[in-house]
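Chain naming here is simple, since letters A, B, ... match the order of the sequence lines and numbering starts at 1 in each.
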Amino acid sequence: MADLFDQLNDDNRQRQLIAEGAVCLPGFALEYVPTILEALGPIVEQAPFRHLVTPGGHTMSVAMTNCGSLGWVSDRRGYRYQERDPLSDNAWPAMPEIFLTLAQKAASEAGYQRFKPQACLINQYLPGSKMSLHQDKDENNKAAPIVSISLGVSATFLFGGLRRDDPCQKLILQHGDVVVWGGASRFCFHGVQTLKDSEHSLLGRRRLNITFRQIY
DNA sequence: GAGTCGCG
DNA sequence: AACC
């Protein structure tokens with residue numbers, strides 16, 4: 001009975017406007033999931049997930065890697081995008097065609113037709129992982145949106161305003177959901193609440209978040 | 001002094 | 001609260 005209710009609920013989830021310029025597209029990535037997971041294998045083999053350190057000296061609970069021509073990194077010196085993986089000094093793995101296609105399709109669906117993603121940040125959340133409220137401010141191109149794909153275990157996404165103390169909306173992001181934000185909401189604070197310990201049939205106890213950004 | 005993709 |  002609960003399963004039936006959940007299923008109906010899922011089917012009824014609709015495109016949701018979060019704020020001006022920000023939208024959630026439930027299940028938008030579902031049809032691409034097998035291809036995405038296949039493409040992720042060689043990426044994490046070449047550039048394994050690692051826990052980055054913030055400029056303040058704290059280790060992030062989320063494990064990260066990148067693909068694409070630029071990757072986001074953090075260390076004691078600050079946040080930045082760079083062409084090479086600091087672990088290997090190699091270029092980041094290429095962005096798979098399907099990633100580019102999906103990111104552009106989602107951006108277009110949200111009203112951003114000129115999105116040219118250069119950076120793809122892949123975040124792995126295990127139970128207990130979280131992402132504190134922050135703004136994405138390291139991109140040179142301030143007009144391009146952010147495209148975020150959720151896979152695996154559901155998480156509560158916090159979407160606030162332009163000031164840290166603005167109230168946050170809570171969105172439950174499920175496997176296959178895509179969130180796009182840009183325009184007036186491009187610099188909204190956002191974060192992810194501590195991942196609870198639960199199991200997803202395809203990905204186990206993990207949540208993967210794949211985000212796309214245009215840097216220049 | 002200002003800000004914080006972190007912690008208490 | 002420490003570090004930039």
message = Assuming nearest nucleotide by heavy-atom distance, tell me which of A:His58 and A:Pro55 is located more 5' along DNA chain C.
response = A:His58
A:Lys137 vs B:dG3: side-chain N/O to OP1/OP2 distance below 4.0 Å = no
task = Quote, to the nearest angstrom, the C1' distance that separates B:dG8 from B:dT4.
result = 14 Å
message = Which heavy atom of A:Pro96 sits nearest to which heavy atom of A:Cys67, and what is that distance?
response = CD-SG, 3.9 Å
request  = Would you kindly give the CG-to-C1' distance between A:Asp165 and B:dA2, to the nearest whole Å?
outcome  = 15 Å
query = What is the base-pairing partner of B:dC7, counting Watson-Crick and G-U wobble geometry with both distances under 3.5 Å?
reply = none
message = Heavy atoms only, 4.0 Å cut-off, all strands: where does A:Arg76 land among base, sugar-phosphate and nothing?
response = sugar-phosphate
Nearest-Å distance for atom pair NE2/C1', residues A:His51 and B:dG6 = 14 Å
Over 12 foreign heavy atoms within 6.0 Å of CZ, A:Arg80 = yes
request  = Side chain of A:Lys130 only, please: which of B:dC7, B:dT4, B:dG6 is the nearest?
outcome  = B:dC7
request  = Identify whether any heavy atom of A:Ser74 sits under 4.0 Å from a base atom; if not, whether one sits that close to sugar-phosphate; answer base, sugar-phosphate or nothing.
outcome  = nothing
message = Output the rounded distance in Å from CZ (A:Arg164) to P (B:dG6).
response = 10 Å
query = Just the endpoints, please: which first and last nucleotides of DNA chain C, 5' to 3', lie under 4.0 Å from a heavy atom of chain A?
reply = C:dC3 to C:dC4
Electrostatic pair A:Asp138:A:Arg213 at N-O distance under 4.0 angstrom = no
inquiry  = Without decimals, in angstroms, what is the distance between A:His190 NE2 and B:dG6 P?
reply    = 11 Å
note = A:Glu45 meets the salt bridge (charged side-chain N to carboxylate O under 4.0 Å, His left out) criterion, sequence neighbours left out, with none
task = Starting at atom CG of A:Asn123, determine the distance to atom P of B:dG6, rounded to an integer number of angstrom.
result = 10 Å
query = Which part of the nucleic acid does A:Asp138 contact within heavy-atom distance under 4.0 Å: base, sugar-phosphate only, or nothing?
reply = base
message = What is the separation between atom CD on A:Gln193 and atom C1' on B:dC7, rounded to the nearest whole Å?
response = 17 Å
inquiry  = Surrounding CD of A:Glu97 (heavy atoms of other residues, nucleotides or ligands, distance under 6.0 Å), is the total greater than 12?
reply    = no
key: Carboxylate-amine/guanidinium contact A:Asp136 A:Arg186, below 4.0 Å   = no
key: Nearest-angstrom distance, C1' atom, B:dC7 to B:dG3   = 15 Å
inquiry  = When you measure from the side chain of A:Thr156 to the backbone of A:Ile172, do you find a donor-acceptor pair of N or O atoms at a distance under 3.5 Å?
reply    = no
task = Could you state the atom-to-atom distance from CG of A:Leu52 to C1' of B:dG6 in whole Å?
result = 13 Å
inquiry  = Expressed as a whole number of angstroms, how long is the span from A:Phe189:CZ to B:dT4:C1'?
reply    = 9 Å
